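Read through the structure below, which is laid out as structure tokens, and then see the notes.
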Amino acid sequence: MKTLTLNNKKQIPVLGLGTWRSDKAKVSQVVGKAVLEDGYRHLDCASIYGNEKEIGVALSKILSSGKISRGELFVTSKLWNTEHHPDNVEPACRETLADLQLEYLDLYLVHWGIAFVHGEKLEPIGDDGMVKTEAVSMKETWQAMESLVDKGLVKSIGVANFTVPMIVDLLSYAKVKPVVNQIEIHPYNNQKDLIDYCHKMDIQVTAYSPLGSSGDQNDKPLNNSVVIDIAKAHDKTPAQILIRWAIQRDLIVIPKSTDSSRILENISVEDFSLSKQEMDKINKINKNHRFVDPIEWWGIPYFK
Ligand code: A2P
């Protein structure tokens with residue numbers, strides 16, 4: 001599979017399997033098949049997804065099968081918002097490593113640029129409906145992330161859901177540059193300016209929710225007529241067009257599925273390409289629409 005080079009010279013496979021909302025009961029079997037039968041080499045995980053133990057069972061089976069070595073896999077996880085205090089970063093990372101049954105992560109991301117109070121709920125909402133934040137700066141958290149690299153617990157570190165000003169600030173003190181910013185990207189939220197900025201700063205960008213995520217909204221990029229017409233012209237599915245569009249923008253893309261035929265469909269995107277005109281047509285359907293917006297969960301207008 002095609003890889004992109006990170007700013008520390010390590011390689012990341014451009015397509016990974018997303019695991020947000022992957023059912024615990026299914027995810028072990030799904031991950032095992034995706035890696036051993038369908039050729040996935042990159043898994044995107046997070047402690048908040050609540051399924052890392054089950055993914056760890058699959059990873060242990062995969063690695064003990066002798067068919068795939070640890071070095072052939074790229075595994076990402078993410079530090080949850082309640083664990084930003086420097087004292088909590090390494091224990092959180094070690095818990096993820098234990099759950100995933102791994103000795104190191106290829107990539108560890110700060111999941112959101114916001115620290116929640118530690119030790120209550122994973123989403124500690126106050127009486128005013130707003131999440132309770134903690135007085136921990138990103139600088140303190142990032143320095144603790146950097147020490148995970150020094151200790152060999154993680155090969156690379158990065159961020160998720162960072163905006164341009166947050167990256168500008170991070171780069172003012174980072175001794176280890178973030179290798180990736182993982183953000184919501186699909187044709188309804190194409191994120192052109194943020195992607196251009198990250199690429200200029202030599203930060204790769206990972207597209208999450210590339211298919212428009214999993215809620216039940218009718219108006220999803222998968223159902224867009226421009227996308228459907230292009231899919232018909234290539235004899236491909238709308239999902240394959242969305243994934244190909246992301247890859248041709250030099251993005252890393254992590255579609256989630258627990259359905260075995262869709263998992264194979266989503267990785268079968270290397271035998272065709274979109275023309276410049278097709279790329280442009282899809283670029284034009286942007287409407288800055290997010291399917292993932294923390295204001296609904298935490299009462300904080302994070303992206304405003
Ligand atoms: P499922 O897991 O049942 O396949 P995203 O990656 O944007 O978060 O989107 C994930 C959602 O898209 C899930 O609801 C997933 O459902 C669905 N999905 C994944 N692959 C495909 C596909 N190839 N065609 C249609 N829907 C898909």
Side-chain angles (χ1 to χ4, degrees), residues 1 13-35 37-40 42-46 48-51 54-55 58 76-78 109 111-112 160-161 180-191 195 205-232 234-247 249 251-272 274 282 285-294 296-297:
M1 184 189 295
V14 293
L15 196 123
L17 181 68
T19 63
W20 183 32
R21 296 177 172 154
S22 293
D23 186 344
K24 268 196 213 189
K26 290 189 194 160
V27 76
S28 287
Q29 192 265 333
V30 158
V31 166
K33 181 178 173 298
V35 173
E37 295 178 28
D38 300 333
Y40 281 77
H42 171 179
L43 299 173
D44 185 81
C45 313
I48 193 67
Y49 301 163
N51 53 13
E54 290 73 15
I55 294 170
T76 302
S77 185
K78 310 185 191 85
L109 305 178
H111 206 149
W112 294 87
N161 299 297
V180 154
N181 185 19
Q182 183 180 127
I183 53 177
E184 179 182 342
I185 303 174
H186 42 70
Y188 286 175
N189 189 30
N190 77 26
Q191 299 265 32
I195 294 170
V205 179
T206 301
Y208 77 68
S209 299
L211 309 178
S213 199
S214 54
D216 4 279
Q217 292 189 37
N218 288 327
D219 189 15
K220 291 210 172 195
L222 277 174
N223 304 323
N224 181 276
S225 61
V226 170
V227 176
I228 291 174
D229 287 348
I230 295 173
K232 282 187 188 145
H234 287 274
D235 200 14
K236 296 286 170 190
T237 66
Q240 289 171 318
I241 301 303
L242 298 183
I243 294 165
R244 188 72 217 171
W245 172 77
I247 291 174
R249 298 177 80 206
L251 303 174
I252 301 146
V253 57
I254 49 168
K256 172 267 172 184
S257 182
T258 47
D259 175 276
S260 65
S261 66
R262 285 173 171 175
I263 289 172
L264 180 58
E265 175 186 323
N266 294 348
I267 199 177
S268 306
V269 291
E270 288 188 321
D271 61 347
F272 76 107
L274 300 173
I282 302 174
I285 62 180
N286 183 49
K287 46 184 172 177
N288 297 330
H289 177 75
R290 290 177 190 279
F291 292 100
V292 179
D293 193 336
E296 292 162 22
W297 308 323

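Numbers here simply count residues along the sequence, with the first being 1. As the structure lists them, so they are numbered: ligands from 1, and atoms in each ligand from 1. Nothing here was measured: the structure is a model prediction, and the numbers come from that model.
- Panel note: side chain N51, backbone V27; no donor-acceptor pair is recorded below 3.5 Å.
- Residue D259 has at least one heavy-atom neighbour below 4.0 Å for each of these atoms of ligand 1: 4 (O).
- At least one donor-acceptor pair under 3.5 Å links the side chain of Q191 to the backbone N or O of E184.
- Ligand-side atoms of ligand 1 in range of L222: 25 (C), 26 (N), range being under 4.0 angstrom from any heavy atom.
- A donor-acceptor contact under 3.5 angstrom links the side chains of D219 and Y188, judged on distance only.
- Heavy-atom contacts of P255 reach the following atoms of ligand 1: 6 (O) (cutoff under 4.0 Å).
- In this structure, the protein non-hydrogen atom closest to atom 12 (O) of ligand 1 is L211 CD1, 4.0 Å.
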- Task: Check step by step if side-chain contact (heavy atoms from CB on, under 4.5 Å) holds for I254 and Q182.
- Result: CA-CA 10 Å; I254 49 168; Q182 183 180 127; 3.4 Å; yes
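- Using 4.0 Å as the threshold, T237 has no heavy atom nearer than that to any atom of ligand 1.
- The protein non-hydrogen atom at the shortest distance from atom 14 (O) of ligand 1 is S214 CB, 3.3 Å.
- The distance from ligand 1 to the heavy atoms of G212 drops below 4.0 Å at these ligand atoms: 7 (O).
- Relative orientation of the H111 and Y49 rings is perpendicular, given thresholds of 30° and 60° on the angle between their planes.
- Residue-level proximity to ligand 1 for N266 is carried by the side chain, the only part with a heavy atom below 4.0 angstrom.
- Contacts between S22 and ligand 1 below 4.0 angstrom, taking non-hydrogen atoms only, are absent altogether.
- What you find for Y40 and I263 is that their closest heavy atoms are OH-O, 2.6 Å.
- The nearest protein atom to atom 19 (C) of ligand 1, hydrogens excluded, is given as K256 O, 3.1 Å; this is a heavy-atom distance.
- The shortest contact between atom 4 (O) of ligand 1 and any protein heavy atom is with S257 OG, 2.5 Å.
- With contacts defined as side-chain heavy-atom distances shorter than 4.5 Å, the pair W20/V292 qualifies.
- Considering S213, A239, S260, P221 only, the shortest heavy-atom separation from atom 22 (C) of ligand 1 involves A239.
- By the 4.0 Å heavy-atom criterion, P210 is counted among the residues contacting ligand 1.
- For atom 26 (N) of ligand 1, the candidate residues are R262, R21, K26, E265; the nearest heavy-atom contact is made by R262.
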- Trace of the side-chain contact (heavy atoms from CB on, under 4.5 Å) decision for H186 with N189: CA-CA 5 Å; H186 42 70; N189 189 30; 3.4 Å; yes
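- The environment of D271 atom CG is dense: over 12 non-hydrogen atoms of other residues, nucleotides or ligands sit within 6.0 angstrom.
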